[in-house]
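In this chain, residues are counted from 1 in sequence order.
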Amino acid sequence: MTARRTVLAGLSVSLALVACSAPARAAETRIAVAANFAEPAQEIAARFEATTGHRAVLSFGSSGQFFAQIANGAPFDVFLSADAERPIKVEADGLSVRGSRFTYATGRLVLWSRTPGLVDGGGAILARGGFDKLALADPKTAPYGLAAVETLRRLGLSDQLSPRLVTGTSITQAYQFTDTGAAELGFVALSQVVGHDRGSRWIVPATHHSPIAQQAVLLKRGADNAAARAFMVFLKGPEARAIIRRYGYEVG
C-alpha cells in the first residue's frame, strides 16, 4: 500500500506539473486584415497558433470596406488596417479598446509589371508611355491606392494617365490585374512581389506619397477575448516582427 501511495502521489505531482506548463485554454479570435498584409498575416497566424494554442481566423479586404463593416457591427475582434486613418476613426467612434492602437508595419509601394525590362529603375515608363493600362487599388478605400494617386500627382502625370487607370477594389485585385496581363503595369505592395523576381519593378520612393503606416487596433468586441489580446501581444513580438520585415515592410 505504501508503495502504491508513493506511485499515485508521484503521478499526481507529474499531472499537476503538466497542467501548470500547458497554455491557458485555447480560444479563437476573428481578425480583419488589410489585403496587402495577407501573406505575412497567414504566416504570423500559423506561428501564433503553434506558440499559444489560440486560433486566429483571418478575413482579407480593403481597409475602407472593413471600417464600414466594423462601424455596422461586423464580428471582428482585431483590425489590421493598411493605414492609420481608419484605426484612428475606429478609436474616435468608441469602437476599440483605448490605448491598443499601434503601428505594426510601414508599407512600400511598387510599380510592377510581369514583363521583364518594361519597368526601369526610376519609373520613367510612366511618363514615356508605351502601355495601355495601369492598375491601382481604389484610392477611396485602399491606402496603397491613395499612395499611387499621390505618386502620380507628385510626378505631374495624373491627367495624362487618368484614361489608362484600371481600379481594383483592393491591392490584391490591382495585383491580379497586373499579374494576368489585364494591365501592363500596376501599383502594388512590395510585400506582393518581394518573394519572387519575375517581371520588372520600381520601388517608389517613400517621399512620393504619404507614409503607409499600417496600424492595428483591438476592437471592443475583442476586449475580453483572450486570443485577441494574445494576438496583439504576439504581433509586437520578435517572431512576428521578423516575419513582417521579411515581406518587405519596415518595422519601427
Side-chain angles (χ1 to χ4, degrees), residues 33-43 58 60-65 81-83 105-214 243-251:
V33 183
N36 74 90
F37 202 67
E39 290 191 28
Q42 290 173 43
E43 191 170 335
L58 310 178
F60 306 109
S62 75
S63 299
Q65 291 171 338
S81 181
D83 65 1
T106 299
R108 294 300 302 273
L109 183 70
V110 177
L111 179 67
W112 181 71
S113 172
R114 69 174 188 173
T115 304
L118 185 60
V119 179
D120 59 279
I125 187 173
L126 292 171
R128 186 174 67 244
F131 63 93
D132 291 325
K133 299 297 181 183
L134 170 62
L136 74 166
D138 186 347
K140 295 179 181 178
T141 59
Y144 280 81
L146 178 59
V149 168
E150 290 177 346
T151 296
L152 293 178
R153 287 175 184 159
R154 170 69 179 262
L155 297 173
L157 298 172
S158 296
D159 294 338
Q160 177 182 327
L161 296 182
S162 179
R164 304 186 191 188
L165 299 183
V166 179
T167 304
T169 56
S170 68
I171 197 67
T172 298
Q173 192 170 55
Y175 177 81
Q176 289 170 346
F177 286 155
T178 314
D179 191 40
T180 59
E184 296 97 321
L185 304 173
F187 279 111
V188 302
L190 176 59
S191 59
Q192 294 172 302
V193 298
V194 74
H196 65 75
D197 57 1
R198 293 188 295 112
S200 50
R201 68 191 69 178
W202 169 51
I203 300 178
V204 178
T207 54
H208 281 32
H209 56 77
S210 302
I212 307 175
Q214 303 194 187
I243 293 171
I244 294 169
R245 285 194 186 95
R246 183 152 42 79
Y247 279 89
Y249 294 93
E250 297 174 358
V251 181

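- In this structure, CG on L126 lies 6.5 Å from CG on L155, to the nearest 0.5 angstrom.
- Between R114 and P116 the shortest heavy-atom distance is O-CD, 3.4 Å.
- With sequence neighbours excluded, the residues forming a side chain to side chain contact (heavy atoms under 4.5 Å, CB included) with A41 are V33, F37, L58, F60, listed by chain and number.
- Within the structure, salt bridge (Lys or Arg N to Asp or Glu O under 4.0 Å) contacts touching residues 157-175 (residues at least two apart or in different chains) do not occur.
- What you find for P163 and Q160 is that their closest heavy atoms are CD-O, 3.6 Å.
- Here the CZ atom belonging to F177 is positioned 12.0 Å from the CG atom belonging to L134, to the nearest 0.5 angstrom.
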- prompt: Given L111 and T151, is the side-chain contact (heavy atoms from CB on, under 4.5 Å) satisfied, shown in steps?
  reply: CA-CA 10 Å; L111 179 67; T151 296; over 6 Å; no

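- E184 is not listed as a side-chain neighbour of T115, based on a closest heavy-atom distance of 4.5 Å or more.
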task: Would you sort out whether D120 and R128 count as a side-chain contact (heavy atoms from CB on, under 4.5 Å), showing the intermediate values?
output: CA-CA 11 Å; D120 59 279; R128 186 174 67 244; 4.0 Å; yes

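- Taking CH2 from W202 and OG from S113, the interatomic distance works out to 14.5 Å, rounded to the nearest 0.5 Å.
- Partners of R153 under the salt bridge (charged side-chain N to carboxylate O under 4.0 Å, His left out) rule, at least two apart in sequence or in another chain, do not exist in this structure.
- Applying the salt bridge (Lys or Arg N to Asp or Glu O under 4.0 Å) test to residues at least two apart or on different chains, none of the pairs has a partner in residues 136-148.
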message: Run the side-chain contact (heavy atoms from CB on, under 4.5 Å) test on L165 and F187 for me, step by step, so that the C-alpha distance in whole Å, both residues' side-chain angles and the decisive distance to 0.1 Å come before the verdict.
response: CA-CA 10 Å; L165 299 183; F187 279 111; over 6 Å; no

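- Using a distance-only test at 3.5 Å, with no hydrogens or angles considered, a donor-acceptor pair links the side chain of S63 to the main chain of A82.
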query: For W112 and V119, what are the C-alpha separation, side-chain angles and deciding distance, and is it a side-chain contact (heavy atoms from CB on, under 4.5 Å)?
result: CA-CA 7 Å; W112 181 71; V119 179; over 6 Å; no

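- Take I203 and apply the side chain to side chain contact (heavy atoms under 4.5 Å, CB included) test, not counting sequence neighbours, and it matches R108, V110, L190.
- When only modelled atom types and interatomic distance are considered, Q214 and Y249 share no side-chain donor-acceptor pair under 3.5 Å.
- Note: L152 CG to L136 CG = 7.5 Å, rounded to the nearest 0.5 Å.
- Rounding to the nearest 0.5 Å places CD of Q192 at 7.0 Å from CG of N36.
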Only distances under 3.5 Å count here; give the side-chain donor-acceptor pairs of residues 167-176 to other protein atoms, sequence neighbours excluded, each with its distance to 0.1 Å.
{"from": "T169", "atom 1": "OG1", "to": "Q173", "atom 2": "OE1", "distance (Å)": "3.3"}
{"from": "S170", "atom 1": "OG", "to": "T172", "atom 2": "N", "distance (Å)": "3.3"}
{"from": "S170", "atom 1": "OG", "to": "Q173", "atom 2": "N", "distance (Å)": "3.4"}
{"from": "Q173", "atom 1": "OE1", "to": "T169", "atom 2": "N", "distance (Å)": "2.7"}
{"from": "Y175", "atom 1": "OH", "to": "H196", "atom 2": "NE2", "distance (Å)": "3.4"}
{"from": "Y175", "atom 1": "OH", "to": "R198", "atom 2": "NH2", "distance (Å)": "3.1"}

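- Nearest heavy atoms, A105 versus I244: CB-CG2, 3.7 Å.
- Taking every heavy atom of both residues into account, V193 and R201 meet most closely at O-NH1, 3.0 Å.
- Using a 3.5 Å distance cut-off with no hydrogens or angles, the side chains of E150 and S210 do pair a donor with an acceptor.
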